[in-house]
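Below is one structure; the comments refer to it alone.
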Amino acid sequence: TTRDWQDADARHFLPPFTDFRRLARKGARVITRADGIPLWDSDGHRILDAMRGLWCVNVGYGQRALADAATRQLSELPFYNAFFQTATPPAIELAELLAEVTPPQFEHVFFTGSGSEGNDTVVRMVRRYWDLLGEPGRDVIISRRNAYHGSTMAGASLGGMSGMHAQGGLPIPGIVHIEQPYWWAHGRPHGWSRDEFGLVAARWLEQEILRLGPEKVAAFIGEPVQGAGGVIVPPATYWPEVQRICDRYGVLLVSDEVICGFGRTGRWFGCETMGTRPDLMTFAKGVTSGYVPLGGVMVGERVARVLIERGGEFAHGYTYSGHPVACAVGLANVRLIRDLRLVEHVAGDVGPYLAQAYADLAGHPLVGEAETCGLMGALLLVRDKATGAAFDPAWEAGMVCRGHCFREGLIMRAVGDRMIIAPPLVITRTQIDEMVALIRRCLDLTLADARAAGQLG
Ligand code: PXG
């Protein structure tokens, strides 16, 4: 029963990013099954998952082709490694397919087990690249505040989450952070338009390169749209200017596509939506729709040629690099995204439909700004719509709203006072209507609470 599971969970399981004692008092919600978009918990409640798991389940739940690919591979060859000059057919075939669906500069892939391991690979590969070119002093990687790049030592260091840096003596040396391109927080207060601010924010990168000395800067890493940071959609002017700056100083550009990859933004990869030509691309999540763990790094020819032709052995890799079952599921998943034309579905149908629904939600008295990019969306809750003034952080408006969502059977995340969604790419207009109606209802309930608590401006 649910109670037994919750007791055993509290006794034995240390879940990620969790206050263990608080959870033990409350008891975990036990999720037992899923189909398409909805989930069910162990008490039989139906939940509408607007976060598709944790940004992963691009093709939705219950896709037979993925389960079949896994069981077939499990019986044929459940594991072999790719160390010591061996390979397995699923890894080879997925590498080939990824070269097809990624932008033209990508012909090679390095497989990992997760996005974090992918970003660890990025750090080692970028430094190896500059070593091989005779510039070992070129080892600094520039990232951004409020970025999320994973939870390993390198991933958390690249990330710009101060709460994570505070635990474990991070960041590791050679990683620095500039401010994020968050117009509401850093542009609007100065009266800049979004486009003006995009250029200002990109030039923070140039200033940092010049401060460090271009001969010290190995790479710049960023998510096309910051996901875990609250779905921060940068102004359209930002990324093209970042590309210009990277080109000017020879700095490698790394696009962390763990969330934005595989159709989320309405193109196969977020860099295509944003107009950049990255040298490296981290991916995970959507490559298997989360059905099994898999991640990796797409390595552009600029870097690949150096590693291959001048490299000797690259002393890096994981037991599960190119895991045959994970790659078989990846292959089935990427083929399904292609065959169902899900990228086109997002770009031409449900993406614009969601954008319109969010434009309408922007009129809600609690909403300061409403943004979408493809099938990700954010609503910023504000105390005073006229001035844009924020809520008293002690009241935790985001958590109040999230609580209502939870009770109404909708999973919508709160990042501070930004309420975020990333539904599966297979979602239909009717399902978006159902989701948006629930969102509106939860906003109304939160507004009523704010009024009752004397929290309105
Ligand atoms: N890069 C990005 C952009 C991510 O979003 C990672 C790397 C790390 O991937 P792995 O597979 O190692 O978890 C991520 C992961 C959240 C949340 O709260 C987001 C992620 C993971 C856990 C929680 O939104 N993204």
Side-chain angles (χ1 to χ4, degrees), residues 15-19 49-58 110-123 141 143-164 170-171 175 177 180-181 219-234 239 253-262 264-265 269-271 273-274 278 280-298 318 320-321 323 326 329-330 373-378 398-399 402 411-416 418-423:
F17 282 90
T18 297
D19 178 335
D49 181 15
M51 283 302 299
R52 49 149 192 169
L54 203 52
W55 314 92
C56 326
V57 190
N58 286 18
F110 192 103
F111 286 118
T112 70
S114 68
S116 299
E117 288 177 6
N119 282 327
D120 277 53
T121 301
V122 161
V123 171
I141 301 176
S143 181
R144 303 176 300 179
R145 297 203 190 104
N146 198 37
Y148 190 81
H149 296 296
S151 195
T152 50
M153 295 293 277
S157 295
L158 289 171
M161 303 288 181
S162 49
M164 292 176 77
L170 302 177
I175 292 174
H177 299 84
Q180 58 179 328
F220 173 70
I221 184 168
E223 304 154 77
V225 174
Q226 284 151 265
V231 182
I232 314 283
V233 184
W239 277 110
L253 178 58
V254 185
S255 190
D256 184 336
E257 301 273 353
V258 168
I259 284 177
C260 293
F262 300 98
R264 174 65 33 194
T265 68
F269 292 89
C271 59
T273 300
M274 298 298 156
L280 297 164
M281 224 165 56
T282 319
F283 64 87
K285 297 188 191 274
V287 66
T288 57
S289 288
Y291 279 43
V292 292
L294 179 67
V297 180
M298 293 305 302
Y318 307 102
Y320 299 135
S321 288
H323 191 288
V329 174
C373 178
L375 275 190
M376 48 203 326
M399 295 306 277
R402 199 188 73 156
I411 296 183
M412 180 158 73
R413 283 270 312 283
V415 180
R418 285 177 82 80
M419 304 306 300
I420 63 177
I421 58 157

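For ligands, and for the atoms within them, numbers begin at 1 and follow the listed sequence.
Relative orientation of the W239 and F220 rings is tilted, given thresholds of 30° and 60° on the angle between their planes.
Within ligand 1, counting atoms from 1 as listed, the ones closer than 4.0 Å to a heavy atom of A228 are 16 (C), 19 (C), 24 (O). Interface atoms of ligand 1 facing R413, defined by a heavy-atom separation under 4.0 Å, are 16 (C), 18 (O), 24 (O). Listed by number with element, the atoms of ligand 1 under 4.0 angstrom from any heavy atom of D256 are 1 (N), 2 (C), 3 (C), 7 (C). Using a 4.0 Å cut-off to heavy atoms of N119, the atoms of ligand 1 that qualify are 1 (N), 7 (C). Counting atoms of ligand 1 from 1 in the listed order, those under 4.0 Å from a heavy atom of S114 are 11 (O), 12 (O). Taking a cut-off of under 4.0 Å to the non-hydrogen atoms of I259, the atoms of ligand 1 that pass are 5 (O). Each of the atoms 3 (C) of ligand 1 lies under 4.0 Å from some heavy atom of E223.
Some N or O of W55 is nearer than 3.5 Å to an N or O of ligand 1, by distance alone. For ligand 1, the polar-atom distance check finds an N/O of G115 within less than 3.5 Å of one of the ligand's N/O atoms. For the pair S116 and ligand 1, the shortest N or O to N or O distance falls below 3.5 Å.
Nearest non-hydrogen protein atom to atom 2 (C) of ligand 1 is Y148 O, 3.3 Å. Atom 23 (C) of ligand 1 has as its closest protein heavy atom L54 CD2, 3.5 Å. For atom 7 (C) of ligand 1, the closest heavy atom belonging to the protein is H149 C, 3.5 Å.
H323 NE2 to T288 OG1: the interatomic distance, rounded to the nearest 0.5 Å, is 12.5 Å. In this structure, the separation between CZ on F110 and OG1 on T282 is 12.5 Å, given to the nearest 0.5 Å. Here the CD1 atom belonging to I259 is positioned 7.5 Å from the CG atom belonging to L54, to the nearest 0.5 angstrom.
Between Y318 and D120, the closest side-chain pair of non-hydrogen atoms falls below 4.5 Å. Proximity of M274 to C260: side-chain heavy atoms (C-beta onward) are nowhere separated by under 4.5 Å.
Of all heavy-atom pairs between R144 and Q226, the closest is NH2-CG, 3.8 Å.
Proximity of a side-chain donor or acceptor of S143 to a complementary backbone N or O of L158 within less than 3.5 Å is detected. Distance alone, capped at 3.5 Å, is enough to place a donor-acceptor pair between the R264 side chain and the L375 backbone.
Neither the backbone nor the side chain of T152 has a heavy atom within less than 4.0 Å of ligand 1.
Crowding of M164 atom CE: a count of heavy atoms from other residues, nucleotides or ligands under 6.0 Å exceeding 12.
Residue K285 places a heavy atom under 4.0 Å from ligand 1.
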